[in-house]
Novice: 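Right, I'll just put the structure down here and ask away after.
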Amino acid sequence: MDSVVRTPETPTKVWTQSMAAPAKRNLWNAMLRGCRGRCPSCGEGKLFRAFLKTADCCSQCGQDFTHHRADDLPAYLVIVIVGHIVVPIMLWVETNYSPAVALQLAIYLPITLVSSLLLLQPVKGAVVGLQWALRMHGFDESEAESAAERPA
């Protein structure tokens, strides 16, 4: 007697345009647009609705910003940037002039505070632009479409 082993048939996959690699996004343009507080996708709509609160979506192109995950990276980057500017100046002034500590605190603390606040929004915008350009954290349309197609 012949025993026939039956294997389940695997469905044939047909290539469609949606399976193609998505078009590359310009990283530097996206970061520059984000740095200016504009939508990294179109460059027209506003990225922020408040000082550090991103808008839910772009008013011009409809790009969704709710899934960005900038978290603490902008604050860390601002600390590094401001520290690399203020600390060498402090050391140079201290080494060459030795002003009183009270005078140094009266100068460097406000400079550090103001420069940190001025840099925080542009750096956060650049981080959101980076995430958009690299299709991170839900900025990939194909992931959103495939998630919508999956049964619940």
Novice: To which residues is Ile85 joined in a hydrophobic cluster, defined by side-chain heavy-atom contacts under 4.5 Å among Ile, Leu, Val, Met, Phe, Trp and Tyr, whether direct or through other members?
Specialist: Phe51, Leu52, Leu73, Leu77, Val78, Ile81, Val82, Val86, Ile89, Met90, Trp92, Val93, Tyr97, Leu103, Ile107, Tyr108, Ile111, Leu119, Leu120, Val123, Val127
Novice: Between His68 and Val128, is a side chain to side chain contact (heavy atoms under 4.5 Å, CB included) present by the stated rule, with each step listed?
Specialist: CA-CA 6 Å; His68 84 86; Val128 172; 3.8 Å; yes
Novice: Check whether any side-chain N or O of Gln104 sits under 3.5 Å from a backbone N or O of Pro99 as a donor-acceptor pair, and report yes or no.
Specialist: yes
Novice: List in chain and number order the residues that pass side-chain contact (heavy atoms from CB on, under 4.5 Å) with Cys57, two or more places apart in sequence or in another chain; answer none if no residue qualifies.
Specialist: none
Novice: Thr66: what forms a side-chain contact (heavy atoms from CB on, under 4.5 Å) with it, not counting sequence neighbours?
Specialist: Asp56, Asp64
Novice: To the closest 0.5 Å, what do you measure between NE2 (His67) and NE2 (His137)?
Specialist: 10.0 Å
Novice: Evaluate the side chain to side chain contact (heavy atoms under 4.5 Å, CB included) criterion for residues Lys53 and Phe48: first the C-alpha distance (whole Å), next the side-chain angles of each, then the deciding distance (0.1 Å), finally the verdict.
Specialist: CA-CA 6 Å; Lys53 298 281 186 188; Phe48 296 100; over 6 Å; no
Novice: Heavy atoms only: give me the nearest Pro40-Leu47 pair and the separation to one decimal.
Specialist: CD-CD1, 4.1 Å
Novice: If you link I, L, V, M, F, W and Y whenever their side-chain heavy atoms are under 4.5 Å apart, who else ends up in the same group as Leu91?
Specialist: Val87
Novice: Members other than Met136 in its cluster, when Ile, Leu, Val, Met, Phe, Trp, Tyr link by side-chain heavy atoms under 4.5 Å?
Specialist: Leu27, Trp28, Met31, Leu130, Leu134
Novice: Going from NZ on Lys124 to OG1 on Thr54, what distance comes out if it is rounded to the nearest 0.5 angstrom?
Specialist: 5.5 Å
Novice: Locate the shortest heavy-atom distance separating Cys58 from Cys42; write the atom from each residue and the value.
Specialist: SG-SG, 3.6 Å
Novice: Look up atom OG in Ser41 and atom CG in Asn29, then write down how far apart they are to the nearest 0.5 Å.
Specialist: 11.5 Å
Novice: Taking the side chain as everything from C-beta on, heavy atoms only, tell me whether Phe139 gets closer than 4.5 Å to Phe65.
Specialist: yes
Novice: Ignoring hydrogens and geometry, is there a side-chain-to-backbone donor-acceptor pair from Arg135 to Asp140 under 3.5 Å?
Specialist: no
Novice: Applying the side chain to side chain contact (heavy atoms under 4.5 Å, CB included) criterion to Val114, which one of Thr112, Leu118, Leu117 satisfies it?
Specialist: Leu118
Novice: Might you point out which heavy atoms bring Arg33 and Gly43 nearest each other, and give the distance in Å?
Specialist: CD-CA, 3.6 Å
Novice: Going by salt bridge (charged side-chain N to carboxylate O under 4.0 Å, His left out), name the residues that satisfy it together with Arg25, two or more places apart in sequence or in a different chain.
Specialist: Glu141
Novice: Quick check for you: to the nearest 0.5 Å, what is the distance between Lys46 atom NZ and Ser59 atom OG?
Specialist: 8.5 Å
